[in-house]
There are 2 protein chains.
Amino acid sequence: MSQKHRSARPVDRHSRAPVFAALGDDTRLALVAKLCGRRPYSISQLTRGSKLTRQAITKHLRVLESAGIVHSARAGRESRFEFDPQPIAGIKEYLDFVSEQWDQALSRLKSFVEN
Amino acid sequence: MSQKHRSARPVDRHSRAPVFAALGDDTRLALVAKLCGRRPYSISQLTRGSKLTRQAITKHLRVLESAGIVHSARAGRESRFEFDPQPIAGIKEYLDFVSEQWDQALSRLKSFVEN
DNA sequence: TTAATATGCAACCTAGAGGTTGCATAAAAT
DNA sequence: ATTTTATGCAACCTCTAGGTTGCATATTAA
């Protein structure tokens, strides 16, 4: 809650594995691709066009929800799932950190070789 | 092999799940964090400081290697693992695509509400 | 030549992922 | 009042991820 700005360093690196894990499945990547493009989808809508069972899709959605990548809200007899960009923004920060570290390592190596 | 430049669209979206999956584990995230900061590490070096067995660490390294995130090369009696930034650059592209889709969805919604 | 290191490989174990079927129930449509 | 439609929940199944122990073997160091 403190130090709001420039939280780019992976202080909460430990909490990112679940987000990566949630994206580590083709079915879920497809769901994310759908959900990030349009407004809320119901489970049935997300199931249409998939070879999987509604229950299987539901399980995948729960995984994404646990990682915070999507949120659900009941509306009448259907429950709508909506994309949330925050967790993905979070892991992007982490990946940037990794890339940066790597670049610095290369720089150090280069200047070492040159001297 | 064709269309080299601007391959930012997730044409090979299907092949990215393994990379995400490889990063979906705290132990492996820690290994990546180590490996991206310095040059090659041997398995024993990577094992020191971990509560896990050398064999367990080895398995994790093989997972990372299968995803292309690290490469290994035998050097005498030890095998050195080195970071490779490409797969991570690839999933960053994918995440950018997702974020962009979401922003566009928001824009469409906004202009729809305003009209 | 011996002892110490660094790995590889295989067998084994447990918990959880990913799917399915079946049944119950709330809401919406006829 | 009935019949669809959309979900939730639970039981069950198979396969694999993540770990461990034990043993064999190639390299180095003493």
Side-chain angles (χ1 to χ4, degrees), chain A residues 13-35 38-83 87, chain B residues 13-35 38-83 87:
Chain A
R13 183 187 317 158
H14 61 285
S15 69
R16 268 147 189 181
V19 180
F20 282 117
L23 296 176
D25 179 281
D26 283 315
T27 301
R28 289 194 293 268
L29 279 185
L31 287 172
V32 168
K34 263 195 184 180
L35 284 162
R38 232 179 216 144
R39 305 313 278 162
Y41 276 92
S42 74
I43 296 179
S44 293
Q45 290 174 332
L46 289 169
T47 299
R48 304 189 203 295
S50 167
K51 295 166 186 170
L52 298 186
T53 312
R54 167 185 59 92
Q55 289 88 329
I57 298 292
T58 301
K59 283 192 183 179
H60 283 297
L61 287 170
R62 297 304 173 199
V63 172
L64 290 172
E65 189 174 31
S66 295
I69 299 173
V70 304
H71 293 153
S72 70
R74 193 83 191 233
R77 68 175 161 180
E78 58 185 16
S79 71
R80 307 230 176 101
F81 283 80
E82 180 165 21
F83 179 71
Chain B
R13 184 187 315 157
H14 62 284
S15 71
R16 266 144 192 183
V19 180
F20 281 117
L23 296 175
D25 178 281
D26 282 315
T27 300
R28 287 194 294 266
L29 279 185
L31 287 173
V32 169
K34 263 195 183 179
L35 284 163
R38 231 177 218 147
R39 304 313 277 165
Y41 276 93
S42 74
I43 296 179
S44 294
Q45 289 174 334
L46 290 169
T47 300
R48 301 189 205 296
S50 168
K51 294 166 186 169
L52 298 185
T53 311
R54 166 184 61 90
Q55 289 88 329
I57 298 292
T58 300
K59 283 192 183 180
H60 283 298
L61 287 170
R62 297 305 174 198
V63 172
L64 290 173
E65 189 175 30
S66 295
I69 298 173
V70 304
H71 293 153
S72 70
R74 194 81 191 238
R77 67 176 162 183
E78 59 185 16
S79 70
R80 305 235 176 100
F81 283 80
E82 180 166 19
F83 179 71

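When reading the values below, keep in mind they use all heavy atoms of this one structure, side chains included, and skip hydrogens, waters and symmetry mates. Reminder, nothing fancy here: chain letters follow the sequence lines and each chain counts from 1.
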Short question: side chain of A:R28, backbone of A:L23 - any donor-acceptor pair under 3.5 Å?
-> no
Side-chain N or O of B:S42 less than 4.0 angstrom from OP1 or OP2 on C:dT7?
-> yes
May I ask you to verify if any side-chain N or O of B:R48 is less than 4.0 angstrom from the OP1 or OP2 atom of C:dA6?
-> yes
Measure the distance from CZ on B:R77 to C1' on C:dA3 and round it to the nearest whole Å.
-> 11 Å
When you measure from the side chain of B:Q55, which nucleotide among D:dA11, C:dG22, C:dC9 comes out closest?
-> C:dC9
Here the distance between atom P of C:dT7 and atom CZ of B:F81, to the nearest Å, is 9 Å
Please state how far atom CD in B:Q45 lies from atom C1' in C:dT7, giving the value in whole angstrom units.
-> 14 Å
When rounded to whole Å, the CG to C1' distance for the pair B:L61 and D:dA17 reads 15 Å
Round to a whole Å and report the spacing from CG of B:L52 to P of D:dT20.
-> 5 Å
A:E82 bridged to A:R80 by N-O distance under 4.0 Å | no
Side-chain contact check for A:H60: nearest option of D:dG8, C:dT7, C:dG18 is C:dG18
Could you tell me whether the phosphate oxygens of D:dT7, OP1 or OP2, come under 4.0 Å of any side-chain nitrogen or oxygen in A:S44?
-> yes
Shortest non-hydrogen contact from B:E65 toward B:F81 | OE1-CE2, 4.3 Å
Straight-line distance of B:L46 CG to B:I57 CD1, nearest 0.5 Å = 7.5 Å
Computed from five pairs at either end and rounded to 10 degrees, the angle between the axes of the helix from C:dT1-D:dA30 to C:dT30-D:dA1 is 30°
Donor-acceptor pair, side chain of A:E78 and main chain of A:A75, under 3.5 angstrom | no
Relative to the 5' end of DNA chain C, which residue comes earlier, B:K59 or A:A75, by the nucleotide with the nearest heavy atom?
-> B:K59
Among D:dA6, D:dG8, D:dA11, which nucleotide sits nearest the side chain of A:E78?
-> D:dA6
What is the distance from CZ of B:R80 to P of C:dA6, rounded to the nearest Å?
-> 12 Å
When rounded to whole Å, the CG to P distance for the pair A:L46 and D:dT7 reads 9 Å
Main-chain N/O of A:Q55 paired to A:T53 side chain as donor or acceptor, under 3.5 Å | no
With side chain to side chain contact (heavy atoms under 4.5 Å, CB included) as the test, would you mind laying out the steps for B:L61 and B:L35 before giving the verdict?
-> CA-CA 11 Å; B:L61 287 170; B:L35 284 163; 4.3 Å; yes
Among D:dA6, C:dT7, C:dT21, which is the nearest nucleotide to the side chain of A:T53?
-> C:dT21
Side chain B:R54 and base C:dG8 donor-acceptor under 3.5 Å = yes
Check the distance between D:dG18's C1' and B:K51's NZ and give it to me in whole angstrom.
-> 16 Å
